[in-house]
2 protein chains.
Amino acid sequence: MAFSKGPQAARITSTDVARAAGVSRATVSFVLNGTSTARISEETRSRVLAAADELGYVPHAAARSLRAGRSDLILLPAAVSATGRLFSDWVDDMETALGERGYTVVLHGNRSPDPVTAARAWAQLRPAAVLAMAPNSLTAEAVQVLAQAGTTAVLTIAPEPMPGVFTLLGDQSDIGRVAAEHLVSRGRRRIGVLMPTERGLSAFAEPRLAGIQRVATVHGATVTPLPMPYGGEAASALAVLCRELGLDAVFGYNDEYAALLSAALNDHGVDVPGQIAVVGADDLLLAQIVRPQLTSVRYRLPAADLIADTVDSLINRGTAEPLPSVWFEPVPRQSS
Amino acid sequence: MAFSKGPQAARITSTDVARAAGVSRATVSFVLNGTSTARISEETRSRVLAAADELGYVPHAAARSLRAGRSDLILLPAAVSATGRLFSDWVDDMETALGERGYTVVLHGNRSPDPVTAARAWAQLRPAAVLAMAPNSLTAEAVQVLAQAGTTAVLTIAPEPMPGVFTLLGDQSDIGRVAAEHLVSRGRRRIGVLMPTERGLSAFAEPRLAGIQRVATVHGATVTPLPMPYGGEAASALAVLCRELGLDAVFGYNDEYAALLSAALNDHGVDVPGQIAVVGADDLLLAQIVRPQLTSVRYRLPAADLIADTVDSLINRGTAEPLPSVWFEPVPRQSS
DNA sequence: CTGAAAGCGCTAACAC
DNA sequence: GTGTTAGCGCTTTCAG
């Protein structure tokens, strides 16, 4: 496709609007922001609005927040690809809820090697709030970086409260714990744990593994970590390995990986759950689609509206009421 | 969890760095941006760098781009939840590829009723580029809004070139066409078309339906649109309806919806593909996991690196070489 | 009720 | 080589 740039369109600023409406820039600002300290006549008001509309004026967010000293940007660090449907639906709801409260939500795919580097990248944008939902995405130093950039509304999920951060109490290792307790109660003792090799997922996978190991130790079960990239051949190879190792159960990291492995086991003539039980996590619809239907671990976050109110309060008052913990429960189905 | 705001951290600006290093703000700027017009002594350079590091200085992106008249922000309007794995992997690759080229990629979940409103929301951020990959997310007027905001690097996918926009040639209706041709060649004549009711998806679903209708008309097949929300009960109800309507094939919108329906058909004793053939789209791994394995339509986008180069060229030179079209092909499996 | 004026933090001519 | 200076587009006192 041939493509060449059209003529550069004129850049419209509030000065242009002011000139067109025959008022000062200050008046334009008052009208457009509905500032109540200044009373603007209805006639002036509509003239300004008409001029802005006519010229196709769009305010410059950067200039606005630079001057105002606050921004309406909320940063949600998350790699889309590392996002199951459960979380992405929640993100969607958060965007809606925060949008209704006047914020601009933006997802920032996080390619940083460590929390401080990541925090620096976020801090450049001077967001009003950062919602760091991935485990271990924050350290004290990272929080400090954000604070120095003026972002004091920081929210995260962690096993215990982090200083200076609004912490949603929740522990990924509980997912492992719940899954392991379920498997052990079903008599399984040789548990494999699928570890996805995709970047960004080990932060979730490691604690899940740890949770399983804790339960296993108590009940004298063995735990074997099984690295696996998301793909059919890898799953097939791993299915063979599972049989060779004589495992009687696999925790599949989440439903997607678990379903992949379960199908591969099936292809290799391994009966699920007869020979090997498989448990996933996230309780995606996928778990109900596949056969055998997949046992899963569901987690629930507080409702988006509740969290949005919290974030809003954090931004405006610097403090917020505690929220209920993140909460995990097993959903037994055919695969275990 | 109780939470209260800690002490407000001091805001560090380049002035602070300059003072700490005993130089002017200009010198700080030169050092930090590696501006080559000014020669800075190695000694000054390292003193500035040390001071910046010491103070934990993070540049203010808004101030920077306000002054420089250009931003390194690239906006990718996309609702995470409306994103299949195929697309989200591509997004991930784009973030990496553009990140390597010095850009900050940000996803903007698009809750706007129309393209112009959406464009206005994007334009507020004055991005260097907008990658509007969802069909029909752009109109001439929306492009105009972006151009007035200084965003001339706009990329989209559309059936034919849009003026002022770098258009990746590709037509969602081809997905429907490919699917319908496949079904017709297998002797199917009573085709149902699953239409997801989730917001944001009709832009994809409508053209796919249109593509199917075109093929059906030619071959004397009937087409029945079947609205369905993403969920187990809805799928179940629809399975019953499919049987009642005497359909012999269903195009499932994409693999996720198709798999859901296929499982529901199975639950209701309908043989797939014996009685009803099911075809998905996107060729997700899911299609290989489910039984019967799902026939799908795969599409391929040009490689992320290629598109990143195009975007870079669009930003810096205002023009770019044509790219290969988006490309669709059927992937026959057991379900049809 | 409206306008003049002072910056927010930063960059890039242009001086020295 | 390094510093001075003039803004980028906007908000917000403070006068009138």
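Each chain gets a letter, A, B and so on, in the order its sequence line appears, and its residues count up from 1.
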From CZ of B:Arg70 across to C1' of C:dT11 the rounded distance in Å is 9 Å
| said: I'd like to know if the side chain of A:Thr167 and the backbone of A:Val165 have a donor-acceptor N/O pair within less than 3.5 Å. | reply: yes
Output yes when at least one side-chain N/O atom of A:Thr27 is less than 4.0 Å from OP1 or OP2 of C:dT2, else no. no
Q) Looking at side-chain heavy atoms only, is the closest gap between B:Leu49 and B:Leu32 below 4.5 Å? A) yes
Rounded to whole Å, the CD-P distance (B:Gln148 to D:dG9) equals 14 Å
One should read off an interatomic distance between A:Leu131 CG and A:His108 NE2, to the nearest 0.5 angstrom, of 13.5 Å
Any A:Thr13 side-chain nitrogen or oxygen under 4.0 Å from OP1 or OP2 of D:dG9
no
DNA chain C nearest-nucleotide lookup for B:Ala26 and B:Ala62: closer to the 5′ end is B:Ala62
One should read off an interatomic distance between A:Arg126 CZ and B:His60 NE2, to the nearest 0.5 angstrom, of 5.0 Å
Rounded to whole Å, CZ of A:Arg64 lies from C1' of C:dG7 at a distance of 17 Å
A:Gln124 CD to C:dT11 P, in whole Å, measures 10 Å
Measuring to OP1 and OP2 of D:dT2, would you say a side-chain N or O of B:Thr44 lies under 4.0 angstrom away?
yes
Using a cut-off of 4.0 Å on non-hydrogen atoms, how would the nucleic acid contact of B:Val28 be classed: base, sugar-phosphate, or nothing?
-> nothing
Rounded to the nearest 0.5 angstrom, the CG-CG distance for A:Leu76 and A:Leu73 is 11.0 Å
Is any side-chain N or O of A:Ser41 closer than 4.0 Å to OP1 or OP2 of C:dT2?
yes
Taken to the nearest whole Å, CZ/A:Phe30 to C1'/C:dA4 is 11 Å
Q. NA contact type, B:Ser14, heavy-atom cut-off 4.0 Å: base, sugar-phosphate, or nothing?
A. sugar-phosphate
In whole angstroms, the gap separating C1' of D:dG7 from CZ of A:Arg11 amounts to 15 Å
In whole angstroms, the gap separating P of C:dT11 from CG of B:Leu32 amounts to 8 Å
Do B:Arg67 side-chain and D:dG7 base share a donor-acceptor contact under 3.5 Å?
yes
Sorted by position of nearest nucleotide on DNA chain D, 5' first, the leading residue of A:Ala61 and B:Gly22 is B:Gly22
In whole angstroms, the gap separating P of D:dC8 from NE2 of B:His60 amounts to 18 Å
Contacts of B:Ala63 and B:Ser24 projected onto DNA chain D by closest heavy atom; the upstream (5') one is B:Ser24
